[in-house]
Amino acid sequence: MIHADLLKITQEFGSPVYVYDSEKITKQYKRLTEAFKKVKHLRLHYAVKALSNLSILRLFNQLGSALDTVSIQEVRLGIAAGFEPGKIIFTPNGVSMEELEEAVELGVQINIDNLLILEQFGAKHPSVPVCIRINPHVMAGGNTNISVGHIDSKFGISIHQMPHVLRIVENTSMNINGIHMHTGSDILDIGVFLHAAEILFDAAAQFKNLEFLDFGSGFKVPYHEGDIETDVEELGAKLTKRFNEFCKSYGRELTLAFEPGKFLVSEAGLFLAKVNVVKQTTSTVFAQIDSGFNHLIRPMFYGSKHDIINISHPKRNKRFYSVVGYICETDTFANNKMISEISEGDILAFKNAGAYCYSMASNYNSRFRPPEVLWHKGKAHLIRQRETFEDIMRNQIEVAL
Ligand SMILES: *Cc1c(COP(=O)(O)O)cnc(C)c1O
């Protein structure tokens, strides 16, 4: 996608707008597959929550991907996009038995992350295969908002509770066919990740009927120039070796599964917004766009630093800007950011807007959620229209007061 294509998209579909490049998604999918090509049975479960548009799910289905889902609604979306239920893993946390049973009825792979439900489920459905989510208590990275494998995390069954897990499995004769971990933190130190993998192997060795081991995700992608990323090729080489050794000692060829979200879609997405006002104050220059954290909350929620380019005037001299939104709240996208000199009406492109951007958007300030466009084979396809005032009114019930 060149700047002219993007500007045309804002003319055709208005601003703000999300744009996704199918070619980049495909490239990332192939890169990860290639890094693990020496694993006999590899399965990538795209994490739906990163970007859950149906057309994106269809693209993943075409690529041969499986899905990772965290709610029954995501399961339904996957099925609606044409996925066979057997290729969908349901990895919720803290959901009710009723929701799990809906998933059983839909025929998807169940993944359980607490002892209470494991016991109830095993007693009720001993023949339904279940994967167990363990928490290896490995602390990687420093951000506890996105790090879910550490000791105080709510996710997974503590590795120290394995004796209790085994007792439940024995008492109920349930069928455990997979072991899972998802630490949630970025894989930056491959040594730390391999350490967690060893804990998973130790846990796995205690079950007789496994079909797969699921290593979750945590693939970090670069957000700005010079940013660090997961070396997937190094991870591929090292984990493949250990995984193949484990299969040998286990006595069966297991499937190695991953659940990448961000890695597959983050860099494929751009968020395009228009500058409404350039406002000079005594200390800074604000560029105020026609959006806010209602459309893109990652910078405010996680402190993510999305790169921002003035695609209307990319060649002008750069100046320092505070890029902010138009909602009645502090909604700073970037501070002291060097951007080519901005005029009112210019279009800014926010990079890495594929993952956890649209899917976290809201109607705060009663604004419409933006449209989504898929750039596929040199053409722009509208894959979700901008909301309208009817969407804001829908489901509201006016009582006579
Ligand atoms: C969110 C999530 C993922 C995807 O994580 P990314 O960082 O986007 O790759 C994978 N597995 C589970 C269980 C998740 O909750």
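In listed order, ligands and their atoms are each counted from 1.
- Between Asn276 and Glu344, the shortest heavy-atom distance links the atoms O-CG, 3.6 Å.
- Side-chain contact annotation: Arg43 with His45, donor-acceptor N/O pair under 3.5 Å present.
- At least one heavy atom of Tyr356 lies less than 4.0 angstrom from ligand 1.
- Under the 3.5 Å distance criterion, with hydrogens and angles disregarded, no donor-acceptor pair is assigned to the side chains of Ser362 and Asn294.
- Residue Lys262 approaches ligand 1 through these ligand atoms, each under 4.0 Å from one of its heavy atoms: 6 (P), 8 (O), 9 (O).
- Within the structure, the closest approach of Pro260 to ligand 1 falls below 4.0 Å when heavy atoms are considered.
- Classified by interplanar angle (parallel below 30°, tilted 30° to 60°, perpendicular above 60°), the ring pair His180/His182 is tilted.
- Aromatic pair Phe301/Phe293: ring centres not closer than 6.0 Å.
- Those atoms of ligand 1 that come under 4.0 Å of a heavy atom in Gly261, given as number and element, are 4 (C), 6 (P), 8 (O), 9 (O).
- Evaluated by nearest non-hydrogen atom to atom 2 (C) of ligand 1, the leading choice among Lys49, Glu259, His180, His182 is Lys49.
- Considering both main-chain and side-chain atoms, Ala47 never comes within under 3.5 Å of ligand 1 through any nitrogen or oxygen pair.
- When hydrogens are left out, the protein atom nearest atom 7 (O) of ligand 1 is Ser217 OG, 4.0 Å; that is the closest non-hydrogen contact.
- Phe263 and Phe258 have their aromatic ring centers separated by at least 6.0 angstrom.
- The atoms of ligand 1 that sit less than 4.0 Å from any heavy atom of Thr91 are 13 (C).
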